[in-house]
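Quick caveat, the model's predicted, so the values are computed rather than measured.
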Amino acid sequence: MTSTAPETQRGQDAGDALGEQPTSWQRRLRRFGHVPRPETPLRDRLDPPYTRPGRQVWSVLAVPPHVADRLVRWSGWGGPLLITLVAGLLRFWKLDRPHAVIFDETYYAKDAWALVNQGYEGSWPKDVDKLILKDPSSVPIPTDPGYVVHPPVGKWIIGFGEQLFGFTPFGWRFMVAVLGTVSVLLLCRIGRRLFRSTFLGCLAGLLLAVDGLHFVMSRTALLDLIVMFFVLAAFGCLVVDRDRARRKLADALPVDAEGVLRPDARIAETLRLGWRPWRLAAGVMLGLAFATKWNGLYVLAAFGLMTVLWDVGARRTAGAVKPYMAVLRRDLVPAFVSTVPVAIVTYVVSWTGWIVTDKGYYRNWAATEGKNSSWNWLPDWLRSLWHYENQVYDFHVGLTSGHTYESNPWSWLVLGRPVSYFYEEQAGCKESTTGKCASEVLAIGTPLLWWLACFALAYVVWRWLFRRDWRAGAIACGVAAGWVPWFFYQERTIFLFYAVVFVPFLCLAVTMLLGAIVGPAAGQGARAELGLTSGDPTGERRRTLGAIAAGVLVLLIVWNFIYFWPLYTGTSIPEDLWRDRMWLDTWV
């Protein structure tokens, strides 16, 4: 059986699979580094296989073939779980230190405690933090409602840890540390699926495990790490959904007499992909991100567009002549319903504690100040909530008061101005020439990782534009969704730690760059892309040197994390050593 579509109308992806001549735009792109894809079976293009370690590795380690096969099967989960275990041990080590209310924990820890106990945030008295640290049972929960400017999901999560372990630093940091640890596992598995390589997936997770900003945020009861977790989970759900949709397309396409899968325009344009629960799960995750902090709304818009474009690419690869029209007819409405309305419903449901009480801030606005509104036909709780959201929006856009640690988003990638969450000096330090020791918790990424990420992002954008690599586009989308929106609010008081939302995508970008440095496996397609002939030893030498270079970079990043460990954990060190770690004047 052959395709019903003319060969000239199957789209670029189908044309590549049939070995057609490159189009004029491809020839023009070659001057910028565009390399035509080697001939690849259509099924592998729709549903690429996972790479397997070469036999040479197991031979060097003297591992029998049957044991090697079993290790490969287990490594898909065993490797990520091992990386996650290391990340968890690091994050939970002395989690209750410093024994203090650091930075914005003064808001979220107390709001969370009130929320889980009475369903709404209270108006706490000033200077109550010391009493809480001394004896939390002696501090009553205020019944007067408090004005809060962030949705409740993140505080519910923090409060769950407080319910388990008490109104203590360990209690309010516990669930954030759990999500920070699990996010490492998520990134390992997402990276594995994205790159079709267990090794690269584990490498991405390792980089996240040793990133300083992610580490500090995993040990602090703030909301931004929680937003990051839901954003990463949503991205993972969409990647799984992409794989399943493309596999369904591949299964529906015809096979010719030689057993070769062929593109088919009719099937590619009319096939309904049916129930897509992973896309629905992504909508819930994005709703939870939005219901933690409002910047999750920008991610919802970006990821919604991304998943639709993935459907366009899938149908084009399958042979659709008009893939955009096919997606408009078959996929656009289901994609919208699975994400936007689901996210909005999730957001509203997150306010249940405020809705069912009559004491929350602005809860009775509709029955008092807003009783003469023209929208009286709507439920009072909904009108009160809408008014509350309007007031919060005005607060956010009008927040322009200066702060010692505020920073412009232009400086985030180079770590221009990190945020000091906690600082304490101790006199009588004999190890220091100044006689002082310093303890600090500094919210700063691992410098070598972030500075390498600047080059990795440039590589990712280049690969997306000139190699047409969807993985690079997905990574760039994740970074842009978490970073670009802040450029529209540069007059607002904003901080570097907001960047934790896109840290996992920086790790994926660095992983892609390191994978390119190592080089492709010595298969036929990889050799063709590198311009090598069969048996050419240049490929092996190049891969060996690349592996050494990439390994050195990873070791330097790990060393850099260890070097800055005292500044991430509040460990007391001589002031001389503390100053040695202030690599830039703006870090002080």
- [ ] Quick one: sort the H403 and F103 rings into parallel, tilted or perpendicular, breaks at 30° and 60°.
- [x] perpendicular
query: Would you say L385 and W354 make side-chain contact, with heavy atoms under 4.5 Å?
result: yes
Between G478 and F303 the two heavy atoms that sit nearest each other are CA-CE1, 4.1 Å
Between F564 and the options W559, F215, W583, the ring-ring contact (aromatic ring centres under 6.0 Å, His included) test singles out W583
> Quick one: are F165 and W172 in side-chain contact, heavy atoms under 4.5 Å?
Replying inline: no
Q.
Students often mix this up, so state it plainly: with edges at 30° and 60°, are the rings of F497 and Y421 parallel, tilted or perpendicular?
A. perpendicular
Determine the interplanar angle of the W410 and F487 rings, folded into 0 to 90°, and report it as parallel if under 30°, tilted if 30 to 60°, perpendicular if over 60°. perpendicular
To the nearest 0.5 Å, atom CE of M582 lies from atom CD1 of I444 at 7.0 Å
Next on the checklist: Within the structure provided, determine whether V101 and I132 are in side-chain contact (heavy-atom separation under 4.5 Å).
Outcome noted: no
Check: What class does the angle between the rings of Y108 and H150 fall in, given that below 30° is parallel, 30 to 60° is tilted and above 60° is perpendicular?
Finding: tilted
Side chain to side chain, R97 and V441, heavy atoms closer than 4.5 Å
no
Is there a side-chain contact between E575 and C429 (heavy atoms, below 4.5 Å)? no
The residue among Y361, Y393, Y362 that forms ring-ring contact (aromatic ring centres under 6.0 Å, His included) with H387 is Y362
| Looking at side-chain heavy atoms only, is the closest gap between L442 and Y568 below 4.5 Å? | no
Does any donor atom in the side chain of E440 or S420 lie under 3.5 Å from an acceptor atom in the other side chain? yes
* Asked: When you measure from the side chain of R91 to the backbone N and O of T181, does any donor-acceptor pair fall under 3.5 Å?
  -> no
